[in-house]
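Note sheet for the following structure.
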Amino acid sequence: MKIRLYIIYLLAVLLTACGDTTESKLQKFLLKGNLAAKEQNLEQALYYFNECVNLDPCFAEALNNIGTVYFKLDKLDQSLQYYAKAIECKPEFIDTYFNRANTLYELKEYYSALKDLDRIESVKEDTAVLHFTRGLVLSKLRDFQGSRRSFQRAIEIDRANVEQWVNLATVEYYLKNYSNAREALNTAMSIDADEAHIYNTLAMIDIEEHNLDEASVNVNKAISLSPRDAFFKNNRGYIYLMSNELDKALEDINNSIGADPENGWAYRNKGIYYLMTEDYANAERLLKQAYEMDSFIDKIHFYLGMAYLQNGKVGEACHEFDLSEEAGDEMLTAALIKICK
């Protein structure tokens, strides 16, 4: 199971100035670019921001915003180039460090993201978004204790942010502190009862507590609030798998992959589907693909081990089972342990 975590990007906005000086032209083009970006007219926004850069190649605000537009266009390498240039021109420009950290997060360059967050903390220690973003990064590194501390610090600064409570609950879920997770979600619900991720997280907890009926209610609530969310559809597919409703499971999982082909968790679930339908060759293929996409997917080693075992690859299977035990999956049966002795 996976909860999509939140990324925040910032567009710098400056006040317009009067007259026809270079500074006033810069402010005019910057404002027009920001308005175009706000209206999702990204090509027009790029035009105006580039006009700024034509006037002043080291105008950090415009360079930062070009980076943000490329971020929105999913051109992350180009985004990083402009953020680096903005920082070179204006080393104290903290917004750009935030943006670059978020881009590095998306590129899975987590340790580099942490360096930028450390730079921000040296200047703006008591900023909720700093600790929130660090919590996201640390969760990807599976430092759940550190992630929890970061989300708790963010909440101390801003208790009214529902996303922070949901992500704290997610980390508590990963730490198997289900009571704490539910408590955080109750607080989140008191802030915004229509936040879909609350119910998706509740469904995940329900699954771990072997309450599939309640899990189904909660995941369907999440989908009703956010019908296009690929993660929720994939999670419902997993619930269908656990309920042995395989046709429904495959439909949801395929829909999830169609909506977001980069979600390794959906490929894991499709691999489990093939395990359950005894198509072991496809199970192994998809589970390996899921692992290559995200090596930290929950219980991936156990299911991949099962696929190897069914395909007669006992050595590979036992290696995966060892990794599963190290990850704390607690999925191995006595019979499986005996096979690997």
Side-chain angles (χ1 to χ4, degrees), residues 1-7 105 110 131-155 159 161-193 195-223 225-226 229-242 256 263-266 268-269 272 290 294-303 324-331:
M1 291 288 169
K2 180 178 181 180
I3 284 187
R4 184 167 53 193
L5 301 177
Y6 304 88
I7 292 295
Y105 173 92
Y110 302 124
H131 299 287
F132 177 74
T133 307
R134 191 190 300 278
L136 300 182
V137 175
L138 292 175
S139 72
K140 287 295 186 181
L141 292 170
R142 289 320 191 245
D143 179 1
F144 295 127
Q145 297 288 356
S147 179
R148 177 170 61 181
R149 287 192 296 270
S150 291
F151 288 135
Q152 287 173 335
R153 181 68 185 116
I155 287 168
R159 295 188 60 82
N161 187 317
V162 66
E163 297 170 358
Q164 293 173 172
W165 286 101
V166 172
N167 281 284
L168 175 61
T170 304
V171 171
E172 295 287 12
Y173 162 81
Y174 284 131
L175 289 168
K176 303 184 187 302
N177 298 329
Y178 302 133
S179 177
N180 290 349
R182 288 186 184 277
E183 183 177 344
L185 291 170
N186 286 336
T187 301
M189 205 176 300
S190 71
I191 297 169
D192 182 3
E195 170 51 61
H197 288 83
I198 294 171
Y199 305 97
N200 183 60
T201 312
L202 284 170
M204 293 165 59
I205 298 168
D206 292 330
I207 292 168
E208 294 301 317
E209 294 181 339
H210 308 291
N211 190 346
L212 294 182
D213 289 340
E214 192 63 26
S216 181
V217 170
N218 279 316
V219 79
N220 279 314
K221 173 70 170 178
I223 292 170
L225 291 167
S226 185
D229 193 291
F231 294 93
F232 301 165
K233 289 285 182 70
N234 179 56
N235 288 352
R236 187 171 68 180
Y238 182 77
I239 294 168
Y240 282 138
L241 285 176
M242 297 300 98
S256 178
N263 179 12
W265 294 71
R268 184 208 70 166
N269 288 350
I272 296 171
D294 184 350
S295 61
F296 290 118
I297 290 174
D298 193 37
K299 299 180 178 64
I300 186 63
H301 293 294
F302 172 77
Y303 290 116
S324 175
E325 285 294 282
E326 289 176 14
D329 294 339
E330 300 179 356
M331 297 284 285

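In what follows, residues are counted from 1 in the order of the sequence shown.
Classified by interplanar angle (parallel below 30°, tilted 30° to 60°, perpendicular above 60°), the ring pair H197/F232 is perpendicular.
Partners of H301 by ring-ring contact (aromatic ring centres under 6.0 Å, His included), not counting sequence neighbours, listed by chain and number: Y291. Every residue was checked against the ring-ring contact (aromatic ring centres under 6.0 Å, His included) condition with Y303, not counting sequence neighbours, and none meets it. With sequence neighbours excluded, the residues forming a salt bridge (charged side-chain N to carboxylate O under 4.0 Å, His left out) with R148 are E172, listed by chain and number.
A side-chain donor-acceptor contact under 3.5 Å links N167 to the backbone of E163. Judged by distance alone, with hydrogens and angles left aside, the side-chain atoms of W265 form no donor-acceptor pair with the main-chain N or O of A290 at under 3.5 Å. Judged purely by atom type and a 3.5 angstrom limit, S226 has no side-chain atom pairing as donor or acceptor with the backbone of A222. A donor-acceptor contact shorter than 3.5 Å links the side chain of R268 to the backbone of D298. The closest donor-acceptor contact from the side chain of D143 to the backbone of G146 lies under 3.5 Å. Side chain of S216 to backbone of D213: no donor-acceptor contact under 3.5 angstrom is found.
Here R182 does not pair with E208 in a salt bridge; the nearest charged N to carboxylate O distance is not below 4.0 Å.
Using a 4.5 Å heavy-atom threshold, the side chains of L175 and Q145 count as touching. Looking only at side-chain heavy atoms (C-beta outward), V166 and I198 come within less than 4.5 Å of each other. Side-chain contact between Y199 and M189: present, with at least one pair of heavy atoms (C-beta onward) separated by less than 4.5 Å.
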Item to complete: Start with the C-alpha distance between H131 and I155, add both sets of side-chain angles, then the distance that settles side-chain contact (heavy atoms from CB on, under 4.5 Å), and finish with yes or no.
Response: CA-CA 9 Å; H131 299 287; I155 287 168; over 6 Å; no
Worksheet item: Given the rule in the side-chain contact (heavy atoms from CB on, under 4.5 Å) test, do L136 and F132 qualify, once you have shown the distances and angles that lead to the verdict?
Response: CA-CA 6 Å; L136 300 182; F132 177 74; 3.9 Å; yes
